[in-house]
Structure formats: C-alpha cells, structure tokens
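This report refers to the structure that appears directly beneath it.
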Amino acid sequence: MNKFHVLTLFPEMIESGCSTSILGRAKEAGHIGVEAVNIRDFTRDKHKKVDDYPYGGGAGMVMQAEPIYLAYQHIEQKMEKKPRVIYVTPQGKVFHQEMAKELAEEEELVFLCGHYEGVDERVLEEIVTDYVSIGDYVLTGGELPAMVMIDAISRLVPGVLNNGDSAEYESFENGMLEYPQYTRPPEFLGRKVPEVLLSGHHRRIEEWRKEQSYLRTKERRPDLLDKNK
C-alpha cells in the first residue's frame, strides 16, 4: 500500500477530495492511504495561530517553522525510514508523468501545503527533499496541487485502476497524447465512428491509434515531439 501524509491547514479539503471516485475506492480497497495532518494541532498558541509577520517587513504573513516541524515529527516517528517530503511551491520543478512514476515507487510520501506568503525557510531546509510545482501560476494554498499529484501517483499504484492496461495507454505514457476515443452510438450528430474501430482488426486498430496519437500531439502539443527527438 502507498500512503500519503499531507501537512495542511485545511485537512477537510484533503479528506473530502481524496474520498471520492477512484481515490475513494482505492482507499476502501486498501491500495492507498491518505492522512491529513492539521498543522494547527501542533501550535503552542492558544488561538491556534500558525503564522506571523515576516522579518525584514513586507506584505502578508509567513507560516511558522515550529508547528510544521512538530506535525512532521508526529508522522515521521511512525515510519520505518525517513520519507521524501514534497513542498508544493511554484518555485519547484514542474510535475510530470515520469515524476509520478518515480514517486509511485515510494511506500510513503509527505506533502507540505503552504499558505499566506510562504513558509519559514528554516523548516524547509530541515525536512523538505523535493520542491514541486504543478505549473507556472499561483494558487491560494498547496492543497489542490497536492491532490493533483496524489491522484496522478495513485493511478500508477497496482490495483488502483480496474483495468490494468488503463494507465499504460493514457496521455504522456509514451511521450505523446492519447488517441481519440469513441463509444456507442456509432453515429452522433452526423459524426461517425471511424470504420477501422468497427472492423475488429486489431493490428489495423493499433496502427490507427498510433497514427492518431502522433497527429494529435503534433497539432496540440508539438513540444512533446521535440522532447522525444
């Protein structure tokens, strides 16, 4: 089982988002585990305050180091080895499918979700192993990016997908976008399903799919073809 631990100010957001659809079924079946750890539970402040003004001045507030570190220690002490800790930040490496594959090999992963103007650098230096972004834009907090990564990683964990071939043929698995998909009826609004898909000829279908995958990638994401050269 792969287990994800999320250090967050909004555990209900993680718990709700990871309890439906494929992730919810994977949790129930025991293929993955998701633990949302509320950083506020580890502050010494009676008002559950976890942020303060930045040294040197500036707008906004900064998350304090101690509550985060104590929350991390709470989960680390239950592990057999020091885990990889992913800090979700627009300053990190951009998440991609190969990274998802790599992270799916880890039995346990920790995600740190920042808020406000950031996190005290000292706790990042102490616990973080990976700085990861889901794109070049800024969000309110790290919970949504963490759930995006958990979803992508979980799909690669054995048993999570009902069809074992599903992940193998999805977009990016071979460096290109997925081919077009069709289902019943054979005609909709005057548009027909390509004849080759109705032929039952598996070799021709496979050739058609490879060709369509290439053409779609060339049209929509030519940068992926450049990477594969």
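Fair warning: this is a prediction, and the values are worked out from it, not measured in the lab.
In this structure the side chain of I86 reaches within 4.5 angstrom of the side chain of L103, judged on heavy atoms. At a threshold of 4.5 Å between non-hydrogen side-chain atoms, the residues M149 and L109 do not count as touching. Taking the side chain as every heavy atom from C-beta outward, I153 and F95 approach each other to under 4.5 Å. Contact annotation: the side chain of T140 never approaches that of F10 to less than 4.5 Å [non-hydrogen atoms, C-beta and beyond]. By the 4.5 Å heavy-atom criterion applied to side chains, V110 and V37 are not counted as neighbours. Put simply, the side chain of V34 does not reach to within 4.5 Å of the side chain of E15, judged on heavy atoms.
Taking hydrophobic clusters as Ile, Leu, Val, Met, Phe, Trp and Tyr residues chained together by side-chain heavy-atom distances below 4.5 Å, M79 shares a cluster with F42. L139 and V94 fall into different hydrophobic clusters, where Ile, Leu, Val, Met, Phe, Trp and Tyr side chains are chained together by heavy-atom contacts under 4.5 Å. Linking ILVMFWY side-chain heavy atoms closer than 4.5 Å, directly or via other members, places Y214 and L197 in two distinct hydrophobic clusters. A continuous path of Ile, Leu, Val, Met, Phe, Trp and Tyr side chains, each step under 4.5 Å between heavy atoms, connects Y131 with L144, placing both in one hydrophobic cluster. Linking Ile, Leu, Val, Met, Phe, Trp and Tyr whenever their side-chain heavy atoms come within less than 4.5 Å leaves V193 and F188 in two separate clusters.
Ionic pairing of R122 and E126 is not present here: no N-O contact between side-chain nitrogen and carboxylate oxygen is shorter than 4.0 angstrom. Contact check on K101 versus E98 returns a salt bridge, with a Lys/Arg side-chain nitrogen under 4.0 Å from an Asp/Glu carboxylate oxygen. Salt-bridge formation is not detected for the pair K78/E108: no Lys NZ or Arg NE/NH1/NH2 atom is positioned less than 4.0 Å from an Asp or Glu carboxylate oxygen.
Contact detail for P180 and R216: the closest heavy-atom pair is CG-NH2, 3.5 Å. V157 approaches H31 most closely through the heavy-atom pair CG1-O, 3.8 Å. Here the shortest heavy-atom pairing between P83 and T129 reads O-CG2, 4.2 Å. The two atoms that bring C113 and A146 nearest to each other are SG-CB, 3.9 Å, heavy atoms only. Residues G142 and H115 share a closest heavy-atom pair of N-NE2, 4.4 Å.
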For F111 and V132, what are the C-alpha separation, side-chain angles and deciding distance, and is it a side-chain contact (heavy atoms from CB on, under 4.5 Å)?
CA-CA 10 Å; F111 290 86; V132 184; over 6 Å; no
Is there a side-chain contact (heavy atoms from CB on, under 4.5 Å) between I68 and I127? Walk through the geometry before answering.
CA-CA 10 Å; I68 294 172; I127 71 172; 4.1 Å; yes
Please determine whether side-chain contact (heavy atoms from CB on, under 4.5 Å) holds for the pair V50 and D45, giving the CA-CA distance in whole Å, both sets of side-chain angles, and the decisive distance to 0.1 Å.
CA-CA 8 Å; V50 295; D45 183 86; over 6 Å; no
For a side-chain contact (heavy atoms from CB on, under 4.5 Å) check, start with the C-alpha distance between F4 and C18, then their side-chain angles and the critical distance, and finish with the verdict.
CA-CA 10 Å; F4 305 99; C18 294; over 6 Å; no
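Each of T8, I14, L9 was compared with P11 under the side-chain contact (heavy atoms from CB on, under 4.5 Å) criterion, and only T8 meets it. Under the salt bridge (charged side-chain N to carboxylate O under 4.0 Å, His left out) test applied with E207, the options R209, R203, K210 reduce to a single match, R203.
Open room surrounds NZ on K218; 12 or fewer heavy atoms of other groups in view lie less than 6.0 Å from it. Taking a 6.0 Å sphere around NZ of K93, one finds it holds 12 or fewer heavy atoms contributed by other residues, nucleotides or ligands. More than 12 heavy atoms of other residues, nucleotides or ligands lie within 6.0 Å of CG in D223, so this atom counts as buried by the packing criterion. No more than 12 heavy-atom neighbours from other residues, nucleotides or ligands sit within 6.0 angstrom of CD on E195. In the displayed structure, K48 atom NZ is contacted under 6.0 Å by more than 12 heavy atoms of other residues, nucleotides or ligands.
Taking CG from L161 and CD1 from I22, the interatomic distance works out to 5.5 Å, rounded to the nearest 0.5 Å. Atom CD1 of residue I32 and atom CE of residue M1 lie 9.0 Å apart, to the nearest 0.5 angstrom. Note that the OG1 atom of T217 and the CD atom of Q212 stand 10.5 Å from one another [nearest 0.5 Å]. The structure places OH of Y182 at 13.5 Å from NZ of K192, a figure rounded to the nearest 0.5 Å. Atom CZ of R220 sits about 11.0 Å away from atom CG of L215, to the nearest 0.5 Å. Separation of atoms OG (S213) and CH2 (W208) is listed at 10.5 Å; rounding is to 0.5 Å.
Taking E107 as the reference, nothing meets the salt bridge (charged side-chain N to carboxylate O under 4.0 Å, His left out) condition, with sequence neighbours excluded. S199 pairs by the side-chain contact (heavy atoms from CB on, under 4.5 Å) definition with V196, H201, R204, I205, not counting sequence neighbours.
A donor-acceptor pair is defined here as one N or O able to donate and one able to accept, closer than 3.5 Å; no such pair exists between the side chain of D130 and the backbone of R84. The closest donor-acceptor contact from the side chain of N2 to the backbone of E105 lies at 3.5 Å or more, if one exists at all. Between the side chain of S16 and the backbone N or O of E12, no donor-acceptor pair lies under 3.5 Å. Here the side chain of T43 pairs a donor or acceptor atom with the backbone of K49 at under 3.5 angstrom.
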Using a 3.5 Å cut-off and no angle test, enumerate the donor-acceptor pairs between side-chain atoms of residues 51-66 and protein atoms at least two apart in sequence or in another chain.
{"from": "E66", "atom 1": "OE1", "to": "R44", "atom 2": "NE", "distance (Å)": "3.1"}
{"from": "E66", "atom 1": "OE2", "to": "R44", "atom 2": "NE", "distance (Å)": "3.1"}
{"from": "E66", "atom 1": "OE2", "to": "R44", "atom 2": "NH2", "distance (Å)": "3.3"}

